[in-house]
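Worksheet: one structure, shown below.
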Amino acid sequence: MSLYTLISASVVVILAIFFSLPLLNPTYWLSLNLKSWWWIPIPSSSLSSSPLIADLVVRNGVIYTSDEALPFADSMAIRNGRILRLGNSSFVQELAGDGTEELDLGGKVVVPGFIDSHVHLIYAGLQMARVELHGVNKKDEFVRKIKEAVRNAKEGSWILGGGWNNDLWGGELPLASWIDDITPYNPVWLNRMDGHMGLANSVALKLSGISNLTKDPEGGTIVRTVDGEPTGLLIDSAMKLLLPYIPEDTVNERREALVRATNHALMRGVTTVVDFGRYYPGVSAELSWEDFSDVYQWADASEKMMIRVCLFFPMETWLRLLDLIEEMGRAISQWIYLGGVKAFADGSLGSNSALFHEPYADEPHNYGLQVTESEILYNMTMASEKSGLQVAIHAIGDRANDLILDIYESVVSTNGMRDRRFRIEHAQHLAAGAAARFGRQGIVASVQPLHLLGDADSATKKLGTARAQKESYLFRSLLASNAPLAFGSDWPVVDINPLGGIKTAMKRIPPGWDVAWIPSECLTLNDALKAHTISAARACFLDNDLGSLSPGKLADFVILSTDSWDDFAAEGSASVEATYVSGVRAYP
């Protein structure tokens, strides 16, 4: 930077402070002629005497860019799927010509396409066609839904579904006996909403050979009666005793699931997902690889991809991923990016299998489950990291998070410093000092705001009020410690809904509550939007192309229902009117 540039920029900042210019107010930015802003880098092609002609000009809106150099604009020009120019209408209109499509926003707010940092995309699409138990709050309704599914099923076929949350009907866990009488000829498997517990009926238990003589596998639990008989509930790795007996989903079913899930995600304004595949404790690692070859590569080759995916694979298959990257590169196309590897440290709060330093308040002898042994986690992380793969590890309980922070710290001390962007998926409950460690070590906290709506009551019950208030969903503390924060949904655990997640991160008011749960951890709209856009892109090494509306980046954006930035910032309420991917309307 020249001395002249440095002095000029300093003068601008001093004048802005002196005259109290509202730099974070979009109306201020939109009133300026950006062509004269020599301190903001503009591609030379945009300033040439014969500029390129845009395919699309979007104008007359409040365009939030997620780019600190230019937070707001009212117009942008797009060519070949990338942003050519942003600024005020007259500046951008220079790039309009014969054949340029023009879109008048009518003052509506536009944001970058949302990035959901944690989904199970194909699994979510499959679940959309199965028994839907999300939101069921009565035992009778639970049973009625299964009875209805049996009525429409062939004798002997599996009844599959999920999404149930026992906290919604008072906490009592379901039992095989609830549904045995209505499913005498059909095996049943119903996942809990978090994917770390499921209910089998007696037909399914018998088919899979699970009895009072079956031992609990490492990292899993067969829930039993006081007499030692299985109740039908299997937790974490215990699910592997049953899952192999469920017929595999066909290739066509999985391809249809991708289309179904993609359309739903685009409806919610999501243009990129970080997909962790059909991989849960007890599930075969092969499923993620089968989906890659049978579904994603097929969709890409046949030009059916409509959403960008960053794929993570089971960490035990890290060498296979390394070979694939060496063969094909990380970016297989504009749609498919090979992200890294994932492992599990513990289970979930709802299944009482998240790993804590202190026991559960409602189970005084239970500290949770460590799903993968520490030595195995360390060795796989070390090998994956040495090979240049990004590592993400699931950790929900405070002890699990401390365990992974220790492992990451040890790997860095051995292998030296570099830009790794280690991730912890969920980072839901953090012991004292852990949030600061995230920032100090530069660990990405990949969190799910919508989960707190269902956990506020159950965390208090399972951990006690003091622990729950002190260590749950510490979004503001993580940001204050300079930890990278990325938002996601964990769909189908909860619905994919970035605008709902953003509002939840701002307000933190669970259903039935009048006040925020841990209000000191509420975020601003700006912080929450960045966690679903530019910060989410950085968290998976996609920030060169995605996450903000800046010249040269892919033109993925969402038009919102609101035309008031101030109302959006105050209430966090808006809906998706349209979603564009590479400058092309993808929804509706």
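Note that the numbering runs from 1 along the sequence shown for the chain. All heavy atoms count here, side chains included; hydrogens, waters and symmetry mates do not.
Side-chain contact between Val110 and Leu105 is present, with at least one heavy-atom pair separated by less than 4.5 Å. In this structure the side chain of Trp517 reaches within 4.5 angstrom of the side chain of Pro510, judged on heavy atoms. Phe72 places none of its side-chain heavy atoms less than 4.5 Å from the side chain of Ile63. Between His451 and Asp490, some side-chain heavy-atom pair lies under the 4.5 Å cut-off.
Between Arg423 and Glu425 there is a salt bridge, with a side-chain nitrogen of the basic residue lying less than 4.0 Å from a carboxylate oxygen of the acidic one. Taking the charged nitrogens against the carboxylate oxygens, Arg59 and Asp104 do have a contact shorter than 4.0 Å, which makes a salt bridge. Using a cut-off of 4.0 Å between Lys/Arg side-chain N and Asp/Glu carboxylate O, Arg268 and Asp116 are scored as not salt-bridged. Here Asp556 does not pair with Arg82 in a salt bridge; the nearest charged N to carboxylate O distance is not below 4.0 Å. Salt-bridge check for Lys530 with Glu68: passed, with a basic side-chain N closer than 4.0 Å to an acidic carboxylate O. Salt-bridge formation is not detected for the pair Glu521/Arg508: no Lys NZ or Arg NE/NH1/NH2 atom is positioned less than 4.0 Å from an Asp or Glu carboxylate oxygen.
Of the possible polar contacts, one joining the Asp275 side chain to the Gly277 backbone as a donor-acceptor pair under 3.5 Å is found. In this structure, Asp346 contributes its side chain and Gly397 its backbone to a donor-acceptor pair below 3.5 Å. A donor-acceptor pair under 3.5 Å is formed between the side chain of Thr460 and the backbone N or O of Ala456. Counting only distance, with no hydrogens or angles, the side chain of His134 and the backbone of Val493 share a donor-acceptor pair below 3.5 Å. Here the side chain of Gln334 pairs no donor or acceptor atom with the backbone of Ile332 at under 3.5 angstrom. Asp455 contributes no side-chain N or O that, together with a main-chain N or O of Ser458, makes up a donor-acceptor pair within less than 3.5 Å. Thr100 places a side-chain N or O within 3.5 Å of a backbone atom of Ala54 that can act as its donor or acceptor partner. The closest donor-acceptor contact from the side chain of Thr65 to the backbone of Asp67 lies under 3.5 Å. Judged by distance alone, the side chain of Gln428 and the main-chain N or O of Tyr473 form no donor-acceptor pair under 3.5 Å. Judged by distance alone, with hydrogens and angles left aside, the side-chain atoms of Asp55 form a donor-acceptor pair with the main-chain N or O of Asn80 at under 3.5 Å.
For His118 and His394, the ring centers sit 6.0 Å or farther from each other.
The residue from Ile502, Leu499, Ile115 that alone fulfils the side chain to side chain contact (heavy atoms under 4.5 Å, CB included) condition with His532 is Ile502. His120 pairs with exactly one of Phe312, Tyr280, Trp491 by the ring-ring contact (aromatic ring centres under 6.0 Å, His included) rule, that one being Tyr280.
The distance from the CG atom of Leu549 to the OG atom of Ser66 is 7.0 Å, given to the nearest 0.5 Å. Note that the CE atom of Met306 and the CG atom of Asn263 stand 5.5 Å from one another [nearest 0.5 Å].
In this structure, Arg467 is positioned above the aromatic face of Phe356, its NZ or CZ under 6.0 Å from the six-membered ring centre and within 45° of the axis. Both cation-pi conditions hold for Arg421 and Phe541: the charged atom is under 6.0 angstrom from the six-membered ring centre and inside a 45 degree cone around its axis.
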field: ring-ring contact (aromatic ring centres under 6.0 Å, His included) evaluation trace for Phe487 with Phe475
entry: CA-CA 10 Å; Phe487 279 177; Phe475 304 154; 5.7 Å; yes
- [ ] Verify side chain to side chain donor-acceptor pair (under 3.5 Å) between Ser548 and Ser550, making sure each step is shown before the conclusion.
- [x] CA-CA 6 Å; Ser548 66; Ser550 309; 3.0 Å; yes
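The stretch residues 469-483 participates, sequence neighbours left out, in these salt bridge (Lys or Arg N to Asp or Glu O under 4.0 Å) pairs: Arg476-Asp527.
Using the six-membered ring where Trp is involved, Trp565 and Tyr64 have ring planes that are parallel, under 30° apart on the 30 and 60° scheme.
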